[in-house]
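Worksheet: the structure to be examined is printed underneath.
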Protein chains: 2
Amino acid sequence: MSASVPGVPTRTRILEAAIACFDRSGFHGASMGAICAEAGMSPGALYRYFPSKDAIIAAIVEADRERHAGFFSRLAEADDPVEALATIGIEMMDEMFAEGGTMLAVEVTAESRRNEAIRAVVRARADQCRTAISDALTRGQERGLVDPALVAGEAAQIIMAIADGLFAQKAQDPTLTADRLRDTLRTLLGRFLRPVGR
Amino acid sequence: MSASVPGVPTRTRILEAAIACFDRSGFHGASMGAICAEAGMSPGALYRYFPSKDAIIAAIVEADRERHAGFFSRLAEADDPVEALATIGIEMMDEMFAEGGTMLAVEVTAESRRNEAIRAVVRARADQCRTAISDALTRGQERGLVDPALVAGEAAQIIMAIADGLFAQKAQDPTLTADRLRDTLRTLLGRFLRPVGR
DNA sequence: CCACCGAGAGTGAACGTTCATTCTCACGTT
DNA sequence: AACGTGAGAATGAACGTTCACTCTCGGTGG
């Protein structure tokens, strides 16, 4: 129950409470009552800041999307896309494995299958990421750092699948740690993307 | 609404109806009423075959687990584990991408975070698959078909992540087809697993 | 200095709906 | 008559949401 801390705006407090509840019970399992209790306020007060439960979910997903986009913005400026991808990927994995970020990835994927608004946000994020990776790979191919035989768009898709897959694995087995996978992941990316002769 | 077909037992009819509803609305979004309507029967009749909604979910997940186990049983008898993994992986992807199998993978992952019974089944399946892949890789290493520098257990984990990730991608973008990914996936596995000198 | 005011944040009981589940009973077969 | 089967209305809990209201202050006229 996060009490009324002066510095934190009410809207943020609600979002944080909602994330905690969704993490515990999922989007549909968490009740507005539980979110209200977690935020330390009554339903009436909460509905002053968000018109509906769906609006809260949408706000959370949107914030998550922006955070993700931040990761990939660095890709455009990197000299070596393979090196940058590995570093960014490992950084993302570390962050997501540490806190409750895992739940969001899994829950959002499931929800995007039926919630129109969320599907739109997810689609936009996916396009954005895939384009960023694909462009970086193409540039890498021009400089001889990436195997020219690869189809950049499809390789990008697979790389995104690996990211999503790691979150799914973590969700299924919370004891999974990032340390054990770091090296193997780096090896995988290097061998997959580099020119075969090396 | 699947009517009463003589050949199909009632229990199976219920499970098929439930899968259709869950595919449409998710485990929590689909109501028992909807499942009854889809199966063409009343609640009273349905509850004669399953004691609860959770029991239906558990039965579906369990059946799915057995289907998965079938895929990996072939791995033990293969001469070349890399070749076998690629073939099995592509076969799995084709099947899952074709029908509504995608939803199950995603929904089950999300549900396993909070449903004790489902978590147990998921954990069992994951262990089973990882061991099968890991053993196959170890045998491949002994025969010089797999890079000896790889840690078999971690490589297996990453391979499973790729599979889960592909389902997540498909869930997020239903227009994604298996054809576009087949070759890239095969390339990825080969380069990841084979000894570097080739 | 103080009584009063208005505005906006917050309250929590109540509402209508939906859900999973149970109950009762009619029907067809033996 | 006795029994297994299924239909469908009934039940009670839980949900998201609303609404009439209270509380808290900073500002204002006297």
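Note that this is a predicted model, so its numbers are computed, not measured. Each chain gets a letter, A, B and so on, in the order its sequence line appears, and its residues count up from 1.
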Please check if A:Phe27 and B:Val106 belong to a single hydrophobic cluster, counting links between Ile, Leu, Val, Met, Phe, Trp and Tyr side chain heavy atoms closer than 4.5 Å.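 No, separate clusters.
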Query raised in the report: B:Met160, A:Phe167: one ILVMFWY side-chain cluster at the under-4.5 Å cut-off?
Result: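 Same hydrophobic cluster.
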Quiz prompt | Heavy atoms from other residues, nucleotides or ligands near CG of B:Asp94 exceed 12 (cutoff 6.0 Å) | solution =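 Yes.
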B:Gln141 side-chain N/O to B:Asp147 backbone N/O, donor-acceptor pair under 3.5 Å: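 Yes: the side chain of B:Gln141 pairs with the backbone of B:Asp147.
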Nearest whole Å is fine: how far is [N] [atom2] from [X] [atom1]?
| X | N | atom1 | atom2 | answer |
| --- | --- | --- | --- | --- |
| A:Met41 | C:dG12 | CE | C1' | 13 Å |
| B:Leu46 | C:dT22 | CG | P | 12 Å |
| B:Arg48 | C:dT24 | CZ | C1' | 12 Å |

DNA chain D: A:Gly29 or B:Thr10, which has the more 5' nearest nucleotide?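 The residue closer to the strand's 5' end, by nearest nucleotide, is B:Thr10.
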_Reading DNA chain D from 5' to 3', where do the contacts with chain A start and stop? Cut-off is 4.0 Å to heavy atoms._
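Contact boundaries, 5' end first: D:dC15 to D:dC19.
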- prompt: Does a side-chain N-to-carboxylate-O contact under 4.0 Å join B:Arg182 and B:Asp179?
  reply: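 Salt bridge: yes.
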Closest heavy-atom pair and its distance - B:Cys21, B:Glu38
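Minimum heavy-atom contact is SG-CB, 3.9 Å.
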Non-hydrogen atoms of B:Ile56 and B:Met32 that approach each other most closely: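 For B:Ile56 and B:Met32, the tightest heavy-atom pair comes out as CD1-CE, 4.1 Å.
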Fill in: Contact residues, residues 50-58 of chain A to DNA chain D [heavy atom, < 4.0 Å]
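The answer is A:Ser52, A:Lys53.
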_Which residue lies more 5' along DNA chain C, comparing A:Gly44 with B:Tyr47 via nearest heavy atoms_ =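 Looking at the nearest nucleotide for each, A:Gly44 comes out on the 5' side.
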*Side-chain heavy atoms of B:Phe71 within contact of B:Glu91, under 4.5 Å*: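 In contact.
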Need one value for B:Ala30: base, sugar-phosphate or nothing, where a base atom within 4.0 Å counts as base even if backbone is also close, heavy atoms only.
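The residue B:Ala30 makes sugar-phosphate contact but no base contact.
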